2 protein chains.
Amino acid sequence: MSIQVLLADDQALVRGALAALLSLEHDIEVVAEVGRGDEVLEQVRAKGVDVALLDIEMPGMSGIDTAALLREQAPTCRSLVVTTFGRAGYLRRALEAGASGFVVKDTPAGELAEAVRRVHAGLRVVDPTLATESLLDGASPLTDREREVLAEALSGAPVATIAARVHLSAGTVRNHLSSAIGKTGTTNRVEAARLAHDNGWL
Amino acid sequence: MSIQVLLADDQALVRGALAALLSLEHDIEVVAEVGRGDEVLEQVRAKGVDVALLDIEMPGMSGIDTAALLREQAPTCRSLVVTTFGRAGYLRRALEAGASGFVVKDTPAGELAEAVRRVHAGLRVVDPTLATESLLDGASPLTDREREVLAEALSGAPVATIAARVHLSAGTVRNHLSSAIGKTGTTNRVEAARLAHDNGWL
DNA sequence: ACCTCCCCATGACACCTGTCACCCCCTCCC
DNA sequence: GGGAGGGGGTGACAGGTGTCATGGGGAGGT
């Protein structure tokens with residue numbers, strides 16, 4: 001019995017290309033493709049998927065949240081997160097969410113099939129270049145509120161707008177921003193938001 | 001004689017997957033793969049490439065600049081730009097640079113081979129969803145200086161830092177920023193920079 | 001009970017930003 | 001020649017921003 005695989009990626013071309021790549025392997029069969037995170041569970045149940053390849057940045061539901069959902073609702077299906085960005089915090093959050101593997105998109109193509117087999121066998125697969133870096137500084141120093149406020153600041157909105165969106169006073173928002181700026185070692189909210197985003201903290 | 005194709009994309013996994021996808025076609029042969037824009041020309045000359053698939057965001061040299069280089073240095077090789085982002089300005093700039101085609105990565109996988117064939121036949125291939133939108137408002141309203149200053153502002157640097165980097169007085173930088181904010185209909189530099197970036201103006 | 005940490009909030013202060021008026025230069029074009 | 005437009009610059013002003021001191025409240029650990 002070959003390994004039943006689901007592909008979740010918002011870019012149809014990448015999805016189709018990965019399907020072609022994996023279909024070259026005799027022991028792997030791509031049985032489902034979806035472009036949104038919130039369509040994964042339904043397909044996993046319907047097709048009896050063994051391994052779900054999840055992109056992180058998808059409409060509907062992120063790959064990380066999807067992995068957590070699968071762990072609860074479909075524990076026989078293992079998750080392999082395949083993402084564009086090798087952000088330290090992503091790996092940590094993916095593993096915490098119950099993903100069995102984490103592969104960056106610039107790994108050699110030949111290794112993907114091997115990663116799928118390992119995950120299916122119950123092993124963990126972690127991109128080696130990230131493993132060391134991540135577990136050291138991957139933890140976010142930000143509190144929940146700081147994270148929330150920074151995420152809003154990413155778009156460049158002024159304090160008043162942010163305050164309205166998170167239902168806080170303008171002064172409190174500025175305090176959170178100031179705290180986040182201090183923790184990230186930056187000099188203003190924009191730099192802080194970028195750094196936090198690049199580290200996968202948002 | 002089958003069509004000789006080169007793949008240029010900084011993500012090895014995507015590159016390998018696209019190679020697998022295109023290799024399913026009997027009349028297409030992937031003869032070269034590179035991960036950097038500045039390695040394309042060399043490979044095109046060495047392998048006698050007919051069609052170069054170029055990602056835009058690559059280290060070394062952007063896909064757009066690479067297309068322009070190929071037009072000059074290897075006019076028998078046609079360029080097909082394949083990119084993640086459907087930004088209006090990208091299409092316009094790609095076509096101005098001499099690319100024969102422009103495809104977004106979330107087009108159906110099956111259409112890629114057809115796009116390659118059309119480009120090879122000397123036809124233009126343009127993503128239909130972008131064609132209308134792009135040629136209307138794809139032109140940037142920004143002057144060179146405004147573009148330059150906005151690009152620096154993208155990182156969140158304060159005016160003093162930007163002024164030092166572009167060798168202008170702080171006041172002039174603020175004037176350019178103010179002008180750019182006005183033209184983009186935004187309220188501050190961060191929003192203006194994001195909008196300009198998303199439209200491919202930077 | 002006590003300490004620590006996070007959360008919410010206010011007021012004050014220095015500084016940064018966005019805008020405007022006004023000046024200069026140069027180039028292109030009618 | 002004159003006008004339009006881009007570029008570079010200055011000074012001034014209102015308002016936004018970052019920091020700090022100082023409150024109060026609650027959850028968790030010792």
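We name chains A, B, ... by the order of the sequence lines, and we start the count at 1 in each one. Just so we're clear, the structure is a prediction, and the values are computed from it rather than from any experiment.
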**Message:** With the threshold set at under 4.0 Å for non-hydrogen atoms, list the residues of residues 186-195 of chain A touching DNA chain D in residue-number order.
**Reply:**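 Within residues 186-195 of chain A, the residues near DNA chain D are Asn188(A), Arg189(A).
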
**Atom CD of Glu42(A) with >12 non-hydrogen neighbours under 6.0 angstrom** =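 Not more than 12 within 6.0 Å, no.
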
**Enclosure of Arg117(A) CZ (heavy-atom neighbours >12, cutoff 6.0 Å)** =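 Yes, CZ of Arg117(A) has more than 12 neighbouring heavy atoms, counting only those of other groups under 6.0 Å.
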
**Message:** Tell me whether Arg145(B) is salt-bridged to Glu148(B), with the criterion being a basic N under 4.0 Å from an acidic carboxylate O.
**Reply:**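 Looking at Arg145(B) and Glu148(B), the cut-off is met.
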
Closest non-hydrogen atom pair, [X] against [Y]:
{"X": "Gln43(B)", "Y": "Ala32(B)", "answer": "OE1-CB, 3.7 Å"}
{"X": "Thr184(A)", "Y": "Ala192(A)", "answer": "OG1-CB, 3.6 Å"}
{"X": "Gly16(B)", "Y": "Leu21(A)", "answer": "O-CD1, 3.8 Å"}
{"X": "Ala193(A)", "Y": "Leu154(A)", "answer": "CB-CD1, 3.4 Å"}

**Message:** Tell me the bend of the helix from dA1(C)-dT30(D) to dC30(C)-dG1(D) as the angle between end helix axes, each from five pairs, rounded to the nearest 10 degrees.
**Reply:**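 End-to-end axis angle: 30°.
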
**Request:** Between Ala170(A) and Lys183(A), name the one whose nearest nucleotide on DNA chain C is closer to the 5' end.
**Result:**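 Checking each residue's closest nucleotide, the 5'-ward one belongs to Lys183(A).
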
**Request:** Answer whether the closest heavy-atom distance between the side chains of Asp50(A) and Val5(A) falls below 4.5 Å.
**Result:**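 No. Closest side-chain heavy atoms not under 4.5 Å.
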
**Request:** Find out whether Ser2(B) and Gln4(B) are in side-chain contact, i.e. whether some heavy atom of one side chain is under 4.5 Å from a heavy atom of the other.
**Result:**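 Yes, close enough: below the 4.5 Å cut-off.
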
**Request:** Let me know the distance between CD of Glu146(A) and P of dT19(D), rounded to the nearest Å.
**Result:**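 From Glu146(A) CD to dT19(D) P: 12 Å.
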
Any donor-acceptor pair under 3.5 Å linking the side chain of [X] with the backbone of [Y]?
{"X": "Asp55(B)", "Y": "Ala8(B)", "answer": "no"}
{"X": "Asn188(A)", "Y": "Glu191(A)", "answer": "yes"}
{"X": "Arg15(B)", "Y": "Asp9(B)", "answer": "yes"}

**Message:** Please give me every residue in residues 160-169 of chain B whose heavy atoms get under 4.0 Å of an atom in DNA chain C, ordered by residue number.
**Reply:**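 DNA chain C contact set from residues 160-169 of chain B: none.
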
**Prompt:** Considering only heavy atoms, which members of residues 171-182 of chain B lie under 4.0 Å from some atom of DNA chain C?
**Reply:**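 Going residue by residue through residues 171-182 of chain B, the ones with a heavy atom under 4.0 Å of DNA chain C turn out to be Arg174(B), Asn175(B), Ser178(B), Ile181(B).
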
Write down the protein N/O and nucleotide N/O pairs, taken from nucleotides 23-28 of chain C, whose separation is under 3.5 Å; answer none if there are no such pairs.
none

**Request:** Only one of Val14(B), Leu22(B), Val34(B) passes side chain to side chain contact (heavy atoms under 4.5 Å, CB included) with Leu7(B); say which it is.
**Result:**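 Only one of Val14(B), Leu22(B), Val34(B) forms a side chain to side chain contact (heavy atoms under 4.5 Å, CB included) with Leu7(B), namely Leu22(B).
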
**Request:** Evaluate side-chain contact (heavy atoms from CB on, under 4.5 Å) for Arg189(A) paired with Val159(A), printing each intermediate quantity in order.
**Result:** CA-CA 10 Å; Arg189(A) 73 177 82 176; Val159(A) 170; 3.4 Å; yes

**Request:** Check salt bridge (charged side-chain N to carboxylate O under 4.0 Å, His left out) between Arg174(A) and all other residues, then give those that pass, not counting sequence neighbours.
**Result:**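 Listed in chain order: nothing, the list is empty.
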
